[in-house]
Novice: 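Would you mind keeping the following structure in view while I ask a few things?
Proteins come first, then strands; the chains are lettered A, B, ... in the order of their sequence lines, and each starts at number 1. Below, all heavy atoms of this structure are taken into account, side chains as well, without hydrogens, waters or symmetry copies.
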There are 2 protein chains.
Amino acid sequence: MATIKDIARLANVNIATVSRAFNRKEMVAPEAYNRIMKIAKELGYNPNPLAQGLKGKKMKMVGVLVPEIDHSIFAGIIKGIGNTARRKGYSVIVCNTGDDPEEEKRFVEKLTNKIVDGIICSAALPDSPYWEDLSNSGIPLVLAVRQGTKKVDSVAADYIRTCYDATSILLSRGCKSVYFINGPLTVKPYAQRNVGFVKAMREKGFSDAELRAFNLKDSTYSYSLECIESLIAQGKAFDGLVIASDAQTMAALRCLKQHGLRVPEDVKIIDCGGHGIVGMLETAVSVVEVPGEKIGEASMERVIELIESKDKLDPKTILVESELILREST
Amino acid sequence: MATIKDIARLANVNIATVSRAFNRKEMVAPEAYNRIMKIAKELGYNPNPLAQGLKGKKMKMVGVLVPEIDHSIFAGIIKGIGNTARRKGYSVIVCNTGDDPEEEKRFVEKLTNKIVDGIICSAALPDSPYWEDLSNSGIPLVLAVRQGTKKVDSVAADYIRTCYDATSILLSRGCKSVYFINGPLTVKPYAQRNVGFVKAMREKGFSDAELRAFNLKDSTYSYSLECIESLIAQGKAFDGLVIASDAQTMAALRCLKQHGLRVPEDVKIIDCGGHGIVGMLETAVSVVEVPGEKIGEASMERVIELIESKDKLDPKTILVESELILREST
DNA sequence: ATGAAAGCGCTAACAA
DNA sequence: TTGTTAGCGCTTTCAT
């Protein structure tokens with residue numbers, strides 16, 4: 001690995017001049033500059049980021065925390081983050097926290113040590129105690145998808161709207177008995193979807209007693225399958241299903257098929273907050289699609305903005321638009 | 001951020017003693033040790049990895065290159081990598097190369113600069129020129145899923161076997177006309193699947209002229225849909241489909257349904273090289289499942305082994321077993 | 001426009 | 001056992 005020292009020697013200049021050539025080329029004589037650059041290229045020189053970082057320079061690196069990297073929404077977000085990272089010359093360090101707050105904390109501590117300039121977090125909990133510490137400590141933090149109640153920068157989808165729209169579609173299609181299959185309310189995006197569902201139903205004149213929201217304790221395929229199964233077994237009659245996630249949508253489709261219920265003739269289905277895949281199923285499912293990739297891109301743009309800004313910016317929340325895609329399930 | 005200097009001052013010892021307390025505690029007096037550690041804890045001290053790295057210490061960081069982070073196989077691999085990374089105290093830097101060799105090269109150059117101790121790569125091309133350079137340069141490289149022809153460490157699924165098994169299942173179920181829907185042969189795992197398909201067919205006495213392998217130029221859902229569609233439109237008669245990937249499986253299912261073909265009565269289907277999701281579809285699909293997460297774990301274990309080993313280890317290829325899961329599509 | 005030199009936080013060889 | 005010191009590669013003030 002060549003260093004500025006090598007270049008300096010070969011170019012007959014001081015190491016400071018070499019450093020200047022890379023950082024403030026206007027301060028070095030053109031001839032010297034060219035000589036230095038030529039030699040640098042020949043040697044395949046690249047500045048050592050460790051040394052630069054030690055000297056206080058930004059490392060152009062941001063840490064990313066996700067609960068489960070293989071859930072489509074997070075994979076999409078990471079992809080988006082990577083897109084703008086590349087565009088802006090940043091690197092990305094990823095950690096899969098497995099939704100474990102302890103792990104999350106350990107990771108943040110590890111990263112905080114100067115090695116990242118900023119952090120993007122899809123947190124385990126609605127609010128984590130270290131968020132504020134972090135943004136006070138000078139290293140910017142932005143929350144992706146999961147907003148905090150505290151004053152922290154965040155990029156989110158408008159899940160209330162998303163689910164409100166989805167529910168409205170079903171109602172406008174003539175559904176009389178719409179059930180809502182949701183995830184745990186402790187997770188903010190699910191809680192928000194619930195709000196949207198309730199809002200849409202009330203507006204159409206349904207009383208609270210008529211609301212059928214099933215906020216399952218987890219949103220996995222297998223557990224959802226079980227629950228929907230038991231719903232049908234109990235003879236509940238529904239002609240519309242608003243569903244919170246892709247896995248749950250697949251579970252519903254499967255259940256329905258096994259019980260000979262046709263989509264959309266017997267039951268209409270819409271996914272509120274899906275990510276692409278449900279359009280590829282045997283029966284193409286309508287969806288209010290949450291643009292993970294866009295969320296990732298926006299999050300990254302925001303951290304970079306925070307990192308590179310001279311003065312502290314006021315925290316803000318960026319809302320990313322969802323897209324309604326109507327397919328054969330409605 | 002506290003440094004060893006601060007601790008040294010407060011503990012009335014030299015900075016070297018503090019450093020020793022952290023790195024070779026046996027060389028420092030117990031009383032001093034305790035004093036130092038107590039103060040370190042109070043100050044929330046953490047060693048600055050940049051300084052350590054600059055001094056030549058390993059950064060405990062590995063770079064990961066994937067072509068598309070949101071394809072299930074790669075998401076799984078990254079998850080596996082993260083699993084063992086956490087267990088061993090390593091960090092992971094991820095880059096989505098978008099299957100662009102140029103991008104890949106840039107990224108490797110960037111990483112090579114001392115900041116990572118090793119690289120795991122799911123490469124764009126069957127062979128990249130820098131692979132050998134890299135392993136010669138002293139920073140270990142392991143290939144995940146895509147093996148090279150050159151002598152490089154790699155972790156791979158046995159795709160030949162995988163597809164051989166899948167094809168054999170269909171044949172043993174009495175299929176007379178089995179078609180193979182595959183991806184581009186320029187991508188090694190697809191080429192290997194092709195070998196497995198051909199092998200199984202030949203063993204059952206099919207002549208080369210009877211082999212129906214469709215090695216599509218890309219394996220996306222939409223393109224595959226188009227191709228399978230045209231196959232059916234041309235009136236090709238098949239009663240079995242061996243399919244190389246999840247997206248293609250979904251495409252096939254959809255096509256078949258639209259043409260009133262029933263699975264498995266009219267056509268039997270098996271996915272050779274899927275990753276979980278096809279078991280959750282309306283018609284649960286049999287699959288020879290490639291364990292992405294395990295591949296990730298094994299890759300990471302191998303790089304760490306290479307990183308931490310004193311002497312150069314001989315490159316080896318680790319084969320990860322696939323699992324056959326029979327469901328209703330066969 | 002360029003050089004000399006200090007120092008970022010840490011480790012390790014050498015001295016005491 | 002502990003302290004002194006050099007130096008990793010780089011940036012940046014202060015001289016020249």
Novice: Which pair of heavy atoms, one from Asp153(B) and one from Pro315(B), lies closest together, and at what distance?
Specialist: OD2-CA, 3.4 Å

Novice: Could you check whether Tyr45(B) gets within reach of a base, just the sugar-phosphate, or nothing at all, counting any heavy atom under 4.0 Å?
Specialist: sugar-phosphate

Novice: Output one line per pair: protein atom, nucleotide atom from nucleotides 3-6 of chain C, and distance, for all N/O pairs under 3.5 Å.
Specialist:
residue	atom	partner	partner atom	Å
dG3(C)	OP2	Asn14(A)	N	2.7
dG3(C)	OP2	Thr17(A)	OG1	2.8
dG3(C)	N7	Arg20(A)	NH2	3.4
dG3(C)	O6	Arg20(A)	NH2	2.4
dA4(C)	OP2	Asn14(A)	ND2	2.9

Novice: Please list, one pair per line, the donor and acceptor atoms closer than 3.5 Å that link side chains of residues 54-66 of chain A to other protein atoms, with sequence neighbours excluded.
Specialist:
residue	atom	partner	partner atom	Å
Lys57(A)	NZ	Asn23(A)	OD1	2.9
Lys60(A)	NZ	Lys88(A)	O	3.3

Novice: Give the residues of residues 22-29 of chain B touching DNA chain D, defined as any heavy atom closer than 4.0 Å, sorted by residue number.
Specialist: Met27(B), Val28(B), Ala29(B)

Novice: Base, sugar-phosphate, or nothing: which does Thr3(B) touch, judged by heavy atoms less than 4.0 Å apart?
Specialist: sugar-phosphate

Novice: Please determine if Glu305(A) and Arg302(A) form a salt bridge, counting it only when a charged side-chain N lies under 4.0 Å from a carboxylate O.
Specialist: yes

Novice: State which of dT11(C), dT2(C), dG9(D) makes the closest approach to the side chain of Ile4(B).
Specialist: dT11(C)

Novice: Which value, rounded to the nearest 0.5 Å, describes the distance between Ile36(A) atom CD1 and Leu10(A) atom CG?
Specialist: 11.5 Å

Novice: Please report, rounded to the nearest Å, how far the P atom of dT11(D) is from the CG atom of Leu54(B).
Specialist: 12 Å

Novice: Using whole Å, what does the distance between atom P of nucleotide dG9(D) and atom CE of Met59(B) come to?
Specialist: 15 Å

Novice: Taking the side chain as every heavy atom from C-beta outward, state whether Ile295(B) and Ser299(B) have any pair of such atoms under 4.5 Å apart.
Specialist: yes

